[in-house]
Trainee: 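What follows is a structure written as structure tokens; I'll ask about it next.
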Number of protein chains: 2
Amino acid sequence: MRNPTLHDVARAAGVSYSTADRVLNQRGGVAEKSVLRVRQAIADLGYCRDISAANLSRGRSYRFVAYVPPGDHGFFSHLRQALLDEARTRAGERVVLDLRDLPPDGAPIPECDGIAMVGAQTEGLGTMTNGLSADGVPVVAVVSDMPGRRLYVGIDNLVAGRTAARLLRIAHRGGPGRILPVVGSLALQDHRDRLTGAAEVLDGHLDLLPPVQVRDQPDRMRRMVGQALADDPAITGIYSIGAGNRGLFAVMAGMARRPFAVVHELTPHSRAALQDGLIDVVIDQKPAEEAARALDALKSIADGEDPVPATITPAIFFKDNLPEDCA
Amino acid sequence: MRNPTLHDVARAAGVSYSTADRVLNQRGGVAEKSVLRVRQAIADLGYCRDISAANLSRGRSYRFVAYVPPGDHGFFSHLRQALLDEARTRAGERVVLDLRDLPPDGAPIPECDGIAMVGAQTEGLGTMTNGLSADGVPVVAVVSDMPGRRLYVGIDNLVAGRTAARLLRIAHRGGPGRILPVVGSLALQDHRDRLTGAAEVLDGHLDLLPPVQVRDQPDRMRRMVGQALADDPAITGIYSIGAGNRGLFAVMAGMARRPFAVVHELTPHSRAALQDGLIDVVIDQKPAEEAARALDALKSIADGEDPVPATITPAIFFKDNLPEDCA
DNA sequence: GCGAAAATGAAAGACGTCAATCATTTTTTG
DNA sequence: CAAAAAATGATTGACGTCTTTCATTTTCGC
């Protein structure tokens, strides 16, 4: 009925609790045949160490540090909130989260059991190998991947780009069209990935114009996209890959026949634009889910398990399937 | 640094551990002013009971029962597998899941800490009030809602229908079209909801034909949809609301100019059909996520917390954003 | 102010694991 | 075979909470 304990395992293996413990926790100094017998007993009984009891005993808490780029609005502020919320609901499971701004290059590595950080353009933690920072702390990349991390939790941006392109193709019904891609910067891997994915699916079906770079700035977005639309009235679709979409919405609000528009990230602004019919699709990476999965992963790693690479499938929102809670 | 313990709370409140415990666990027999002082101390220190320790002490395990309709293929078999997988990864957290077929009416209620069941057409557990079965066991509805449950974990079928309709509208680019809805049965609330949602969004834009009922049977689907398409060559879109889609794929495979097709649930068959271009969109309710959220909810309830109503946003799959793992 | 009732305090043994110590047995080595 | 080394067993006190028991103090009604 109840799960077997390590005592049961020891008894079944015909060894003492100490020996079973030495095997389980790899303390060494155990004869090969004893190791095998204990392993066998563990397998036979289906023993599964009680993590709660173990953590209680160790007096251990999961101290995690999350690094998120600063900014008190937009996507990253959502992510921050999601991380804090998620950590709070796990407070009873001894999870303590320390949320910080992305550190400058060469900042000291905090003493903790794991780090979640937005990858991207930063080198904050210096070189990492085997998913560990220089001090041996496991690092999980969130939202944006980075080299050397132990695990990446986030959407596949290539796939996101392909998704956007497929929606654009559907909206053109197989007919011709000209698509304007708008990126924050081509220096960002994420943006390049989305663009590449889109190009793959559009290729041979719709024309993909050279991308406009707006540095995630609304006013720049407004100016440059407005200009592009004026220069080329044949534009039938827009794929906004980065941030600063308020500028896009402003442009769209002033148009009679709008091109089909796909943007990223559900925010109060994009939500309103969707509802008002200024844009057609929002591809959202669900920061709440990313936060939850990131903490799951950090906990798994801290427990010595193999973290399950939870792929986040981006949500696709239209005017008609917006979630009720204001995001 | 470390979380305060109940001892700390007692000390801060100037009472004994016993009294603090009596307040925390509502054992009664405590003077009002002591209750207030303890509550204050809990708030001041931000005390949060260590659930692991509590469970360890109680020798408690979370014994949950899940009722899923029988069948060794298709959606429900996915759901079963997802539930088992999810339970296994939580075995270390004392979660024990007993997976059963949906019981006949009036079956005895198992002794356990919570029940997850697919709602729908069953009355298996008899009357429920306040989310509790007759024996006081909390019940969570999964996939399909039911009256009297404590919480529903699943997608909003109205929204799913609206989503499908929006995709159909996009695919028609504002032009005219005739949409054939295919349901399993109009007796199923879920199917009616999806149809209603679709009707809302299509209204005034595309013609929605009377629904075909195929009882989730592939051969019936094949026959009836084939007939409908032959009778009305002007059909430009199909929304398959229920199961039995293999029949649909067979019909589509024999057509030169296919209507735009939206179906539900990602299965090996629908996946293949999507990749082969036989259909255009799959709306999936992500059984793995539903399983995870259902267990989350049951655990929360068992811990006496208020479960967070985790809305599941259906995933929208095209040919280009299919997940890698075979579903 | 006296007895009864209510409130409080003190203590102890679980729960399953960890981590350490020390004694004892077995195996290896020369 | 004796000594050294390796392996094993036995035991103990945490960790934070639950639960129960029993003794003691405070409060209340009359």
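A, B, ... follow the sequence lines: proteins, then strands. Residue 1 opens every chain.
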Trainee: Kindly state which residues belonging to residues 31-45 of chain A come within less than 4.0 angstrom of DNA chain D, counting heavy atoms of the residue only, listed by number.
Mentor: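 A:A31, A:S34 - these, ordered by number, are the residues of the stretch whose heavy atoms sit under 4.0 Å from the strand.
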Trainee: B:N55 CG to C:dG16 P: how many Å, rounded?
Mentor: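 Going from B:N55 (CG) to C:dG16 (P), I get 12 Å.
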Trainee: Would you mind telling me which residue lines up with the more 5' stretch of DNA chain D, A:V30 or A:L56, judged by nearest nucleotide?
Mentor: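 So the residue in question is A:V30.
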Trainee: Quickly work out the A:R27 CZ to D:dT8 P distance and round it to whole Å.
Mentor: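 To the nearest whole Å, that distance equals 15 Å.
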Trainee: B:D21 near the nucleic acid: base, sugar-phosphate alone, or nothing, with a heavy-atom cut-off under 4.0 Å?
Mentor: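 Since a base atom lies under 4.0 Å of B:D21, the category is base.
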Trainee: Hey, is the side chain of A:T19 poking within less than 4.0 Å of OP1 or OP2 on D:dG9, counting only N and O atoms?
Mentor: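 Yes, because at least one side-chain N or O of A:T19 sits under 4.0 Å from OP1 or OP2 of D:dG9.
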Trainee: Check this one for me: any side-chain N or O of A:N25 less than 4.0 Å away from OP1 or OP2 of C:dC18?
Mentor: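 So the side-chain polar atoms of A:N25 do come within 4.0 Å of the phosphate oxygens OP1 or OP2 of C:dC18, strictly under.
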Trainee: May I ask you to say what A:L24 touches in the nucleic acid, namely base, sugar-phosphate or nothing, with a heavy-atom cut-off under 4.0 Å?
Mentor: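 Contact class for A:L24: sugar-phosphate only.
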Trainee: Could you state the interatomic distance from CG (B:L24) to OH (B:Y17), rounded to the nearest 0.5 Å?
Mentor: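 These two atoms lie 8.0 Å from each other.
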Trainee: Does any N or O in the side chain of B:R94 come within less than 3.5 Å of the main-chain N or O of B:L56, such that one atom is a donor and the other an acceptor?
Mentor: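 Not at all, since once roles are kept as given, no pair shorter than 3.5 Å links the two residues.
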Trainee: Below 4.0 angstrom, N of the basic side chain to O of the carboxylate: do B:D101 and B:R80 qualify?
Mentor: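 Judged by the 4.0 Å cut-off on N to carboxylate O distance, B:D101 and B:R80 do form a salt bridge.
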Trainee: Consider the side chain of A:S18, meaning its heavy atoms from C-beta on, and name the nucleotide among D:dG16, C:dC18, D:dT11 that approaches it most closely.
Mentor: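 Selected nucleotide (nearest to the side chain): D:dT11.
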Trainee: Would you tell me if any nitrogen or oxygen in the side chain of A:Y47 comes within less than 4.0 Å of OP1 or OP2 on C:dG16?
Mentor: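 Answer no for this pair, as no side-chain N or O of A:Y47 is under 4.0 Å from OP1 or OP2.
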Trainee: Expressed as a whole number of angstroms, how long is the span from B:R60:CZ to C:dA14:C1'?
Mentor: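 Atom CZ in B:R60 sits about 17 Å away from atom C1' in C:dA14.
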Trainee: I would like to know whether A:D44 and A:R37 meet salt bridge (charged side-chain N to carboxylate O under 4.0 Å, His left out); could you show each step before the answer?
Mentor: CA-CA 10 Å; A:D44 290 347; A:R37 279 178 37 207; over 6 Å; no
Trainee: Considering every strand and a 4.0 Å limit on heavy-atom distances, what is the contact class for A:R22: base, sugar-phosphate, or nothing?
Mentor: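 Contact class for A:R22: base.
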Trainee: Nearest whole angstrom, please: distance from the P of C:dG16 to the CG of A:L6.
Mentor: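 In whole Å, C:dG16 P lies 11 Å from A:L6 CG.
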Trainee: Let me know the distance between CZ of B:R58 and C1' of D:dT20, rounded to the nearest Å.
Mentor: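 Spelled out: CZ on B:R58 to C1' on D:dT20 is 15 Å.
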Trainee: With nearest nucleotide decided by heavy atoms, which residue, A:H7 or B:G28, maps closer to the 5′ end of DNA chain C?
Mentor: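 Result: B:G28.
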Trainee: Please say whether the positively charged group of A:R60, taken as NZ for Lys or CZ for Arg, lies over the ring of A:Y62, i.e. under 6.0 angstrom from the six-membered ring centre and within 45 degrees of the axis.
Mentor: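 Yes - A:R60 lies over the ring of A:Y62, closer than 6.0 Å to its centre and within 45° of its axis.
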Trainee: If you measure from the Lys or Arg side-chain nitrogens to the Asp or Glu carboxylate oxygens, is any gap between A:K299 and A:D296 under 4.0 Å?
Mentor: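 No salt bridge links A:K299 with A:D296.
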Trainee: Figure out the CG/P separation between B:D50 and C:dT17, and round it to whole Å.
Mentor: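 After rounding, the reported distance stands at 16 Å.
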Trainee: Under 4.0 Å from any atom of DNA chain D, heavy atoms only: list the residues of residues 10-17 of chain A that qualify, in numerical order.
Mentor: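 A:G14, A:V15, A:S16, in order of number.
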Trainee: Are any of A:R49's side-chain N or O atoms less than 4.0 Å away from OP1 or OP2 of C:dT17?
Mentor: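 No, outside the criterion.
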Trainee: Take the protein atom CD1 of A:I51 and the nucleotide atom C1' of C:dT17, then report the distance between them rounded to whole Å.
Mentor: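 Those two atoms, CD1 and C1', are 12 Å apart.
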